Amino acid sequence: MIDVAIAGGGPVGMLLAAELALQGVRPVVFEKLAAPSGESKAGTLHARVGQLLQRRGLLDEAGRATYGTVGFHFSGMFGLRLSAADGPAIVGSPQAWAEQVFAGRAAALGAQIRRGHEITGLVQHAGHVTLTAGGRQVDARYVVGADGARSAVRRAAGIAFEGTGARVAALMGEVRLGPGVPGGWHRTPRGWLLIWPDPHGHSRVTTYDFRGPHPDREAPVTLDELREAASRIAGRPIEMSDARSLSRYGDAALQAATYRDRRVLLAGDAAHVHFPWGGQGLNTGLEDAMNLGWKLAAVVHGHAPEHLLDSYHTERHPVAARVLWNVRAQNALAHPDPALDPLRELFAELMEMEPVNDYLTGMISGQDIRYDVGVQGAGWMAPDLRIKTDDGDVRLAELLWPGRACFVDLAGRDDLVAVVGERVPVVRGVAESEHEALLVRPDGYVAWAAPSSVRSSAPSSAPSSAPSSARELGAAIDRWFVAPQSSRTSTLLR
């Protein structure tokens, strides 16, 4: 019996496979394509995903990281200033490349990747799921649908896909453009024309038609159709030839009613779809994979109760709902009707205000994500602290490379270390931090923290709040980690 079957071998499915394999689970990925398509519909990884990849040692492989401040847009208005105090502001990573990197990591760790095999149906039983994959019956303890917006896993599990239907018809393709076609983002009274030019090869062309959705969403796109749409929006003929990678899509905003139904879970586009403003779809899906991987592995190994998987829905569903909300807002602002021009001008002015800019960049980049972990003052991404230990300096991100939790003691808190015991590996040292101790989950988020307000003047003496802190820490460990991790992992420090 397969421990975990993953439907879909895109970036989300492959990253999830890598996460599970890192934890000692041997997942099987079922991908309907016999070979990778090589197409990249997305190419931007935002700061939060960059931080997550940094905490697996994958950042350098995933793409070109840009640090400092990077200009970005909201609804096509380029006024945002992306930055990150911890990690890159943005990572240039074509979707096909990210998929290749994650697939390579998954395979190297022991995951099986079965190409040319599609999961077309499933039946849930008390202790397993029977799949129809590649025309054969296969049993798995758990199944994760990462098989896109038309997810066969989601449909077979009977999970509702709720939201609003498409109102915009979008076309995309790579073509050789004629002379005199300017690159950039062009909003006209007839729609949007987006051109990423390549004077020596194929340029990417995208059109947004706000007159209504595609009459037939499944109809193949032709070169004539893309040329006609681009010319109409531009208000003049647009020469193009030698088309490839043609596709159509809409602005439907849909989300699975639940991300978990017993032994079936959903991630990526199978769980949420929306218009691609800001490249948030791929990022949200990769965050799903990082959130789910360690939890599902812990349940498979028997190191955590099955209800830990409920926290995947509880934490990730609101995040995607917020993405759908901001994308709907961007679509409303993007309407080509000239009557909306004053609203866009006003919004552009508001974006220049630092609090507004910070609010929008935190939302688009994912840096405002904070989970409800049941503990006040926790749920945020742990910073990449430089910790000075007796064995030398180590970065917190490096401690998370093996995919394990860790307890970081920065103030000689023997009382708290005693509570942790062998349940979670302990690192003791000093670092510049507002906290004297952190319990960090495998995905890098803080499950519990002791703020500096309870710091003792003498490391050997416990502060007056120690009993309360110890109880809270013990409860947090009980919530996330049942069996000792040290029984299956080596020491954190190199």
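Keep in mind that this is a model prediction, so the values were computed, not measured.
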Closer than 4.0 angstrom, basic N to acidic O: yes or no for R155 and D147? no

In terms of heavy-atom contacts, does CG of D310 have more than 12 from other residues, nucleotides or ligands at under 6.0 Å? yes

Roughly how far apart are T207 OG1 and R227 CZ, rounded to 0.5 Å? 13.0 Å

At their closest point, which heavy atom of F347 faces which heavy atom of L360, and how far apart are they? CE2-CD1, 3.9 Å

When you compare the side chain of S245 with that of H202, does any pair of heavy atoms fall below 4.5 Å? no

Around atom CH2 of W97, are there more than 12 heavy atoms from other residues, nucleotides or ligands closer than 6.0 Å? no

Would you give the length of the straight line joining atom CG of L346 to atom CG of L340, rounded to the nearest 0.5 angstrom? 11.5 Å

Taking 4.0 angstrom as the limit, do R26 and D3 come out as a salt bridge? no

Is there a donor-acceptor pair closer than 3.5 Å between any side-chain N or O of R344 and the backbone N or O of L333? yes

Checking the side chain of R244 only, and the main-chain atoms of G173 only, is there a donor and an acceptor separated by less than 3.5 Å? no

Side-chain contact, heavy-atom cut-off 4.5 Å: H214 with D209? no

Is the closest side-chain heavy-atom distance between M14 and V101 below 4.5 Å? no

Ignoring hydrogens and geometry, is there a side-chain-to-backbone donor-acceptor pair from E31 to G9 under 3.5 Å? yes

Close side-chain approach of V91 and V49, heavy atoms under 4.5 Å: no

Distance col, row L53:CG vs L286:CG, nearest 0.5 angstrom, shows 7.0 Å

Check for a donor-acceptor pair, side chain of N283 on one end and backbone N or O of H46 on the other, with a separation under 3.5 Å. yes

Is there a side-chain contact between D261 and Q124 in this structure, where contact means two heavy atoms from C-beta onward sitting under 4.5 Å apart? yes

Between CZ of R204 and OG1 of T206, what distance do you get to the nearest 0.5 Å? 6.5 Å

Should the heavy atoms of other residues, nucleotides or ligands under 6.0 Å from CD of E61 be counted, would the total exceed 12? yes

Do L246 and E225 come within less than 4.5 Å of each other through their side chains, counting heavy atoms only? no

Residue pair Q330 / N326, side-chain donor-acceptor N/O under 3.5 Å: yes

Answer yes if the side chains of N291 and E315 hold a donor-acceptor pair under 3.5 Å, and no otherwise. yes

A cation-pi test, strictly: NZ or CZ of R260 under 6.0 Å from the centre of the six-membered ring of Y312 and no more than 45 degrees from its axis. Yes or no? no

For R81, is there an ion pair with E352 - N to carboxylate O distance below 4.0 angstrom? yes

Should the heavy atoms of other residues, nucleotides or ligands under 6.0 Å from CZ of R115 be counted, would the total exceed 12? yes

Can R187 and D341 be counted as an ion pair, charged N to O under 4.0 angstrom? yes

Please report the shortest heavy-atom distance between P336 and T188, naming the atom on each side. CB-O, 3.0 Å

Might you point out which heavy atoms bring L22 and P402 nearest each other, and give the distance in Å? CG-O, 3.4 Å

A quick test of your reading: do over 12 heavy atoms of other residues, nucleotides or ligands sit less than 6.0 Å from CG of D242? yes

For Y371 and R316: C-alpha separation, side-chain torsions, deciding distance, then whether side chain to side chain donor-acceptor pair (under 3.5 Å) applies. CA-CA 8 Å; Y371 297 137; R316 294 303 303 164; 2.9 Å; yes

To the nearest 0.5 Å, how far apart are CZ in F161 and OG in S151? 8.0 Å

Between W277 and Y208, does the ring-ring contact (aromatic ring centres under 6.0 Å, His included) criterion hold? Intermediate values first, please. CA-CA 12 Å; W277 287 116; Y208 298 161; 5.7 Å; yes

Do other residues, nucleotides or ligands put more than 12 heavy atoms under 6.0 Å from the CD atom of Q137? yes

Write down the atom of T69, the atom of S83, and the distance for their closest heavy-atom approach. OG1-CB, 4.0 Å

If you define the side chain from C-beta out and look only at heavy atoms, does anything of V144 sit under 4.5 Å from L20? no

Less than 4.5 Å apart, side chain to side chain, heavy atoms only: is that true for P36 and E99? yes

Heavy atoms of other groups near R167 CZ, more than 12 under 6.0 Å: no

Does any N or O in the side chain of W185 come within less than 3.5 Å of the main-chain N or O of F78, such that one atom is a donor and the other an acceptor? no

